[in-house]
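Notes to accompany the following structure.
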Amino acid sequence: MWSIAPSISVADLFGIDGIPGAPPGLAMNPLVNRYKTKDDRWIQMVFLQPDKFWADFCHRIGLPELATDERFVPSSNLVANAAEATALLGAKFAEHDLEHWRQVLADEPGVWAPLATPLETLNDPQSKPNGYLITNVDDQGVEYEMVAAPVQFDETRPARDARQNTGSTPRRFCSSSASAGTRSPRPRTTARSCNLPSNTVWWRDMS
């Protein structure tokens, strides 16, 4: 639900079944789309306000003639002619490799990023400090990385309470690092590993 929260909110606010989408292969807003580079990498852009970013972005990537093109300005025209705009941007991105675009977009105020490969994600300088990876050791003493679960379990209710309330084995509770020591039945996003006794059976309370 967290990943599709905007659609859920729209469904509630406007009584419709989520945010209307474009046909497969076409973005309603060409500035919220991914584009392939010459070296077969991808750049994802999320410029939610086309009127704010369009002109400067066109100059930045070498398409200044599109900055004032009436087919794409204002944003209502951009959406109406999304297929044409997407094709022009796609052709431009395909002219150069990812490193070129990293330099061109280095000071771009809009939100963008290259789509990272699994190896790049593993070695990303943000992965370890944010707790996205857990270092484990196998029976040979070799360390390896595992992706952390998106919830943290750091408290255990006594077994007798668990049996009384649920008829199950000890219940695990989750909390964020900011509220350590506070019980909450809702999973948080802080990711950490749990060191449990080998004979402990536990389950996730996702209610």
Side-chain angles (χ1 to χ4, degrees), residues 1-10 18-67 69 71-72 75 78-136 143-152 187-193:
M1 290 181 68
W2 179 84
S3 67
I4 63 169
S7 287
I8 292 174
S9 296
V10 166
I19 299 173
L26 176 65
M28 293 181 66
N29 175 2
L31 295 183
V32 180
N33 198 14
R34 64 183 64 178
Y35 293 97
K36 193 174 185 179
T37 64
K38 185 177 181 179
D39 53 346
D40 293 328
R41 296 297 302 272
W42 292 87
I43 291 177
Q44 175 72 54
M45 303 190 311
V46 187
F47 299 1
L48 298 177
Q49 299 168 279
D51 287 327
K52 177 180 178 180
F53 297 106
W54 178 255
D56 182 67
F57 175 72
C58 289
H59 283 282
R60 191 183 304 277
I61 67 172
L63 292 173
E65 67 277 9
L66 301 186
D69 193 314
R71 293 173 297 172
F72 312 127
S75 59
L78 179 63
V79 172
N81 296 293
E84 192 172 359
T86 299
L88 291 169
L89 295 181
K92 189 63 179 178
F93 275 102
E95 292 179 2
H96 303 283
D97 59 23
L98 176 59
E99 187 54 38
H100 169 84
W101 293 115
R102 285 185 189 274
Q103 296 178 28
V104 169
L105 299 173
D107 58 349
E108 168 59 51
V111 177
W112 72 276
L115 296 187
T117 67
L119 183 60
E120 288 172 338
T121 304
L122 172 67
N123 295 316
D124 191 289
Q126 299 182 76
S127 294
K128 290 286 281 188
N130 280 290
Y132 300 151
L133 294 171
I134 297 174
T135 301
N136 287 304
E143 292 187 351
Y144 63 96
E145 305 289 353
M146 290 186 65
V147 177
V151 291
Q152 174 186 351
R188 306 292 185 178
T189 55
T190 304
R192 291 182 62 182
S193 61

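Everything numeric in this text was worked out from a predicted model, so none of it was measured.
Considering all non-hydrogen atoms of both residues, T37 and H96 come closest at CB-O, 3.4 Å. Residues A85 and P30 share a closest heavy-atom pair of CB-CG, 3.8 Å. Here the closest heavy-atom approach between residue V111 and residue F47 is recorded as O-CE1, 3.1 Å. Heavy atoms only, all atoms of each residue included: Y35 and L89 are closest at OH-CD1, 3.5 Å. Residue R34 comes nearest to W42 through the heavy atom pair CG-CE3, 3.7 Å, listed as atom of the first residue, atom of the second, then distance.
The backbone N or O of S75 lies less than 3.5 Å from no partner atom in the side chain of W54, so there is not a single donor-acceptor pair. One N or O on the side chain of D69 and one on the backbone of R71 form a donor-acceptor pair closer than 3.5 Å. Using a distance-only test at 3.5 Å, with no hydrogens or angles considered, a donor-acceptor pair links the side chain of W112 to the main chain of L105. Side-chain atoms of N81 never come within 3.5 Å of backbone atoms of F72 as a donor-acceptor pair (strictly under, hydrogens ignored). In this structure a side-chain-to-backbone donor-acceptor pair under 3.5 Å is missing from N33 to A27.
Atom CD of E145 sits about 7.5 Å away from atom CD of E143, to the nearest 0.5 Å. For the atom pair OG1 (T117) and CG (L122), the distance works out to 9.0 Å, reported to the nearest 0.5 Å. The NZ atom of K36 lies 4.5 Å from the CG atom of D40; values are rounded to the nearest 0.5 Å. Remark: M146 CE to I134 CD1 distance equals 7.5 Å, nearest 0.5 Å. Residue L48 holds its CG atom at 7.5 Å from CG of N29, rounded to the nearest 0.5 Å.
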Donor-acceptor pairs under 3.5 Å, side chain of residues 57-67 to any protein atom, not counting sequence neighbours: which ones?
from, atom 1, to, atom 2, distance (Å)
R60, NE, E108, OE1, 2.8
R60, NH1, D107, OD1, 2.5
R60, NH2, D56, OD2, 2.5

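S3 is linked by a side chain to side chain contact (heavy atoms under 4.5 Å, CB included) to nothing, counting only residues two or more places apart in sequence or in another chain. With sequence neighbours excluded, no residue forms a side chain to side chain contact (heavy atoms under 4.5 Å, CB included) with K38.
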Kindly determine whether I43 and L115 satisfy side chain to side chain contact (heavy atoms under 4.5 Å, CB included), including the steps that lead there.
CA-CA 6 Å; I43 291 177; L115 296 187; over 6 Å; no

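Salt-bridge formation is not detected for the pair D39/R41: no Lys NZ or Arg NE/NH1/NH2 atom is positioned less than 4.0 Å from an Asp or Glu carboxylate oxygen.
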